[in-house]
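Data block below; observations after.
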Number of protein chains: 2
Amino acid sequence: MKPKITLKQIARELGVSISTVSKALKDSTEISEDTREKVKAFAKFYNYRPNNIALSLKNRKTKTIGIIIPDIVHHFFTKVINGIEEVAVKRGYSVIVGLSNESFEKEVLNMEMLANGSIDGFILSTSKETLMQQDYHHFKDILEEGIPIVMFDRIVDEINCDKVVVDDLEGAKNAVQKLISSGSKNIAIITTKDYINVGRLRTRGYLEALHNNNIEPKERLVLKVDDKLITEEYLEGIEKEIQLLFENNKDIDGVFAVNELYAITAMKVARLCNKRIPEDIQIIGFTDGVLSRHSYPGLTTISQHGREVGKKAAELLIDKLESENFEETYQTVIINTELIERETTR
Amino acid sequence: MKPKITLKQIARELGVSISTVSKALKDSTEISEDTREKVKAFAKFYNYRPNNIALSLKNRKTKTIGIIIPDIVHHFFTKVINGIEEVAVKRGYSVIVGLSNESFEKEVLNMEMLANGSIDGFILSTSKETLMQQDYHHFKDILEEGIPIVMFDRIVDEINCDKVVVDDLEGAKNAVQKLISSGSKNIAIITTKDYINVGRLRTRGYLEALHNNNIEPKERLVLKVDDKLITEEYLEGIEKEIQLLFENNKDIDGVFAVNELYAITAMKVARLCNKRIPEDIQIIGFTDGVLSRHSYPGLTTISQHGREVGKKAAELLIDKLESENFEETYQTVIINTELIERETTR
DNA sequence: TTGTACGCGTTATCAA
DNA sequence: TTGATAACGCGTACAA
């Protein structure tokens with residue numbers, strides 16, 4: 001076993017001082033050609049690399065980004081991480097991931113932990129519990145400490161920081177417009193409870209699209225699923241709720257689901273009701289997922305471009321981190337959505 | 001803005017020495033009740049928390065685990081991360097994620113970067129390129145440096161370290177046995193090229209199951225897909241290959257696919273060939289994914305228990321990190337698979 | 001009971 | 001051209 005070598009050890013072996021070694025390795029002209037070569041050869045032989053921790057302590061910069069997300073087993077978040085990581089490595093940063101598991105407490109703990117020197121800034125999407133309780137003191141505290149935050153997707157309006165969001169309103173409008181244009185008359189929406197801003201915006205888009213086409217919205221066609229953690233039993237719960245929606249509203253001929261799971265479940269229920277897709281009923285989802293592409297029939301969706309969200313978020317954060325005069329000016333970047341037509345629409 | 005407070009600042013404010021503050025905060029009896037209270041009150045007010053970086057430097061332990069995986073947009077890996085994170089936080093560790101993107105170079109770079117003090121140990125799954133090139137010097141180097149590694153799923157036999165694997169052989173045997181028991185006579189396997197040990201083992205399981213049932217394996221029923229990075233065009237490539245398999249072997253009445261994507265694609269092709277599932281052809285996959293559960297019809301699969309893999313890997317690693325006398329004894333833990341019957345088998 | 005000194009690994013400044 | 005010293009933030013052995 002040969003543990004990592006340090007400047008000190010090199011210095012001792014070569015009979016020079018630590019600072020000489022340090023300078024030699026950085027090609028400082030202060031050091032003679034001779035010793036420079038000697039030191040570099042030795043360092044190379046022993047595969048010397050500066051210790052990141054020591055550098056972090058000295059520079060007061062860790063060159064790592066903390067990502068806090070509610071759930072990693074989720075295609076959208078995973079795409080976002082991918083995007084973040086891509087620009088992070090490109091700009092010399094590492095990425096440390098904390099999962100809140102949709103819990104307020106875990107979100108707070110995780111952030112406090114990482115904020116104690118482990119990271120230079122955060123990129124995060126808020127947990128459901130946090131959104132529900134509307135307790136954002138941890139975000140405020142961390143910003144107060146001078147640690148920048150970039151929020152994405154599930155953002156908090158009350159917090160003043162950079163944000164990257166998907167164009168939920170416009171995307172939803174496009175989705176519903178597509179259904180209308182293709183002949184659906186009675187369009188249901190399967191959405192989340194209102195405290196999730198994402199669901200709220202998509203619901204608004206649904207209503208606006210209806211309005212633009214002079215269609216009277218009907219309360220009975222709006223299903224707000226109680227959005228808890230996804231467990232096996234809960235899944236059945238969603239299915240039951242959607243089943244009820246279909247049974248009580250035999251006239252439904254179009255469905256806009258605010259996420260992939262709801263859309264897929266709606267397809268399943270439609271099949272159970274012997275409705276043909278897309279002939280009898282059109283379905284459209286909102287997601288970036290794998291399910292949509294590989295479902296049968298292929299699900300038409302509004303793609304969220306999660307990767308772009310991540311890339312943009314990382315750029316915003318790193319720009320802020322590396323700007324000398326960190327101006328107190330924040331922006332909200334909106335990433336456009338895209339309608340991907342597959343087989344569940346006509 | 002109120003930046004993080006340090007021991008030094010507390011000491012200065014209170015007119016005592018740094019070590020007094022340090023001791024007071026740890027309830028040392030060396031310090032008088034009086035100053036202890038005073039210090040603690042002050043620290044609490046200013047929300048003092050020790051700086052992780054300084055602690056890491058001092059203790060020569062970062063209390064963080066480096067995870068290196070080929071691809072985060074992948075349900076199995078995501079489950080594994082989930083498992084790792086769960087036991088990591090429970091035992092006071094953070095998790096830093098590096099993506100190799102199936103590239104040898106990125107794998108090496110990422111590991112070298114993190115090995116310079118950022119992490120205490122690695123949990124990793126090897127990239128395809130690394131497996132293909134069979135160049136494992138970076139693993140050796142890092143182990144040499146005294147940094148423990150736990151490999152999972154795509155392991156490397158030549159490297160001496162702890163490993164956690166799914167029981168690919170047994171799982172594959174069970175899958176094929178299920179097909180045989182349910183009446184399939186001509187069972188095809190859709191697998192990867194041999195350099196992926198996982199694919200190799202599953203292929204062996206397929207052959208063993210056939211053998212156990214006195215069925216002669218047929219070369220023409222074995223499809224080894226050229227397993228590159230998954231892109232849109234590549235996806236079509238797989239589909240074509242499978243289509244060819246079906247067309248050239250009209251007698252196929254059972255398919256064992258070594259991953260979810262192949263299985264789903266096989267289902268698609270079967271539909272195109274007007275084969276009823278499971279009446280005319282049974283299909284079974286090998287995965288932990290979401291696709292299987294939500295596909296139509298629901299895909300029967302061998303579940304890999306990714307979460308368990310992650311949990312076990314994290315336990316092995318942390319145990320090793322925290323054992324005083326890090327014995328040079330390594331184990332390979334095998335996580336059992338489970339047959340989950342859905343609608344693609346009879 | 002409190003404080004001093006040292007070390008973790010590095011770099012920057014200043015002195016030799 | 002080289003080296004000693006201080007500093008980043010913390011904990012601790014030892015001295016006062």
Side-chain angles (χ1 to χ4, degrees), chain A residues 3-40 42-43 46-64 113-120 145-147, chain B residues 3-40 42-43 46-64 113-120 145-147:
Chain A
K4 282 232 163 295
I5 197 169
T6 67
L7 286 186
K8 186 193 268 190
Q9 292 166 40
I10 299 182
R12 181 153 19 91
E13 292 296 324
L14 261 41
V16 293
S17 81
I18 294 180
S19 48
T20 301
V21 176
S22 175
K23 286 172 190 162
L25 290 177
K26 325 193 79 185
D27 272 325
S28 163
T29 50
E30 285 182 32
I31 307 297
S32 71
E33 182 71 30
D34 209 42
T35 38
R36 229 188 303 161
E37 290 307 314
K38 201 172 56 179
V39 169
K40 288 171 82 171
F42 191 93
Y46 283 101
N47 193 30
Y48 169 80
R49 294 271 182 285
N51 179 303
N52 292 331
I53 297 293
L55 287 181
S56 295
L57 186 60
K58 177 122 194 65
N59 304 331
R60 285 121 143 288
K61 288 194 179 157
T62 60
K63 289 283 217 168
T64 101
M113 163 79 117
L114 297 181
N116 294 327
S118 300
I119 53 88
D120 294 338
E145 286 171 14
I147 300 177
Chain B
K4 282 235 164 290
I5 197 169
T6 67
L7 285 187
K8 185 193 268 190
Q9 292 167 40
I10 299 182
R12 181 152 22 91
E13 291 296 322
L14 262 42
V16 293
S17 80
I18 295 179
S19 56
T20 302
V21 177
S22 175
K23 286 172 188 162
L25 289 177
K26 327 193 75 183
D27 272 325
S28 163
T29 50
E30 285 183 30
I31 307 297
S32 72
E33 182 73 28
D34 210 40
T35 37
R36 231 189 303 162
E37 290 306 315
K38 202 172 54 179
V39 169
K40 288 171 84 170
F42 191 92
Y46 284 100
N47 194 31
Y48 170 79
R49 295 270 182 287
N51 179 303
N52 292 331
I53 296 293
L55 287 181
S56 295
L57 188 59
K58 178 134 194 57
N59 304 330
R60 283 119 143 294
K61 289 195 179 160
T62 61
K63 288 282 217 170
T64 101
M113 164 79 118
L114 297 180
N116 295 327
S118 299
I119 53 89
D120 293 339
E145 284 170 17
I147 300 176

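Chain identifiers are assigned alphabetically (A, B, ...) following the order of the sequence lines, protein sequences preceding nucleic acid strands; residue numbering begins at 1 within each chain. Quick note: numbers below take in every heavy atom, side chains included, and nothing from hydrogens, waters or symmetry partners. Remember, it's a predicted structure, so these values are computed and weren't measured experimentally.
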Nearest-angstrom distance from the residue atom [atom1] of [X] to [atom2] of [N]:
{"X": "Lys58(A)", "N": "dG7(C)", "atom1": "NZ", "atom2": "P", "answer": "18 Å"}
{"X": "Glu37(B)", "N": "dT1(C)", "atom1": "CD", "atom2": "P", "answer": "14 Å"}
{"X": "Lys63(A)", "N": "dT11(C)", "atom1": "NZ", "atom2": "C1'", "answer": "16 Å"}
{"X": "Arg12(A)", "N": "dG3(D)", "atom1": "CZ", "atom2": "P", "answer": "15 Å"}
{"X": "Lys38(A)", "N": "dT1(D)", "atom1": "NZ", "atom2": "C1'", "answer": "12 Å"}
{"X": "Lys26(B)", "N": "dA13(D)", "atom1": "NZ", "atom2": "P", "answer": "11 Å"}
{"X": "Ile10(A)", "N": "dG9(C)", "atom1": "CD1", "atom2": "C1'", "answer": "12 Å"}
{"X": "Asp27(B)", "N": "dG11(D)", "atom1": "CG", "atom2": "C1'", "answer": "15 Å"}

Quick check against the 3.5 Å criterion: does [X] have a side-chain atom that pairs as donor or acceptor with the backbone of [Y]?
{"X": "Asn59(B)", "Y": "Lys61(B)", "result": "no"}
{"X": "Thr64(B)", "Y": "Ser118(B)", "result": "yes"}
{"X": "Asn52(A)", "Y": "Met113(B)", "result": "yes"}

What is the distance from atom NZ of Lys4(B) to atom CG of Asn116(A), rounded to the nearest 0.5 Å?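 Output value for this atom pair is 4.5 Å.
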Does OP1 or OP2 of [N] have a side-chain N or O of [X] closer than 4.0 Å?
{"X": "Lys8(A)", "N": "dC8(C)", "value": "yes"}
{"X": "Tyr48(B)", "N": "dG9(D)", "value": "no"}
{"X": "Thr20(B)", "N": "dG3(C)", "value": "yes"}
{"X": "Ser22(A)", "N": "dT11(C)", "value": "yes"}
{"X": "Arg60(B)", "N": "dG9(C)", "value": "yes"}
{"X": "Ser32(B)", "N": "dT2(C)", "value": "yes"}
{"X": "Ser17(B)", "N": "dT2(C)", "value": "no"}

Query raised in the report: What about Thr35(A), does its side chain sit under 3.5 Å from the base of dT1(D) through a donor-acceptor pair?
Result: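 Looking at the base of dT1(D), it does not pair with any donor or acceptor on the side chain of Thr35(A) (distance under 3.5 Å).
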Closest to the [X] side chain, choosing from [options]:
{"X": "Ser19(B)", "options": "dT10(C), dC8(C), dT4(C)", "answer": "dT4(C)"}
{"X": "Pro50(B)", "options": "dG9(C), dT11(C), dG11(D)", "answer": "dG11(D)"}
{"X": "Leu7(B)", "options": "dG9(C), dG11(D), dT10(C)", "answer": "dG11(D)"}

Discussion item. Reading DNA chain C from 5' onward, which residue's closest nucleotide shows up sooner: Ile18(B) or Ala54(B)?
Written reply: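 With Ile18(B) and Ala54(B) compared, the 5'-side residue is Ile18(B).
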Note: for Leu57(B) and Arg36(B) on DNA chain C, the residue whose nearest nucleotide lies more 5' is Arg36(B)
- Query: Where each residue is assigned the nucleotide of DNA chain D containing its nearest heavy atom, which of Glu30(B) and Thr6(B) is assigned the position nearer the 5′ end?
  - Reply: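 The 5'-side residue here is Thr6(B).
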Picking from Ile10(A), Thr6(A), Ile5(A), what satisfies side-chain contact (heavy atoms from CB on, under 4.5 Å) with Tyr46(A)?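 Exactly one pass, corresponding to Ile5(A).
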Checklist entry - Within a radius of less than 6.0 Å around CG of Asp34(B), do more than 12 heavy atoms belonging to other residues, nucleotides or ligands occur? => result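 Counting other residues, nucleotides and ligands, CG of Asp34(B) stays at 12 neighbours or fewer.
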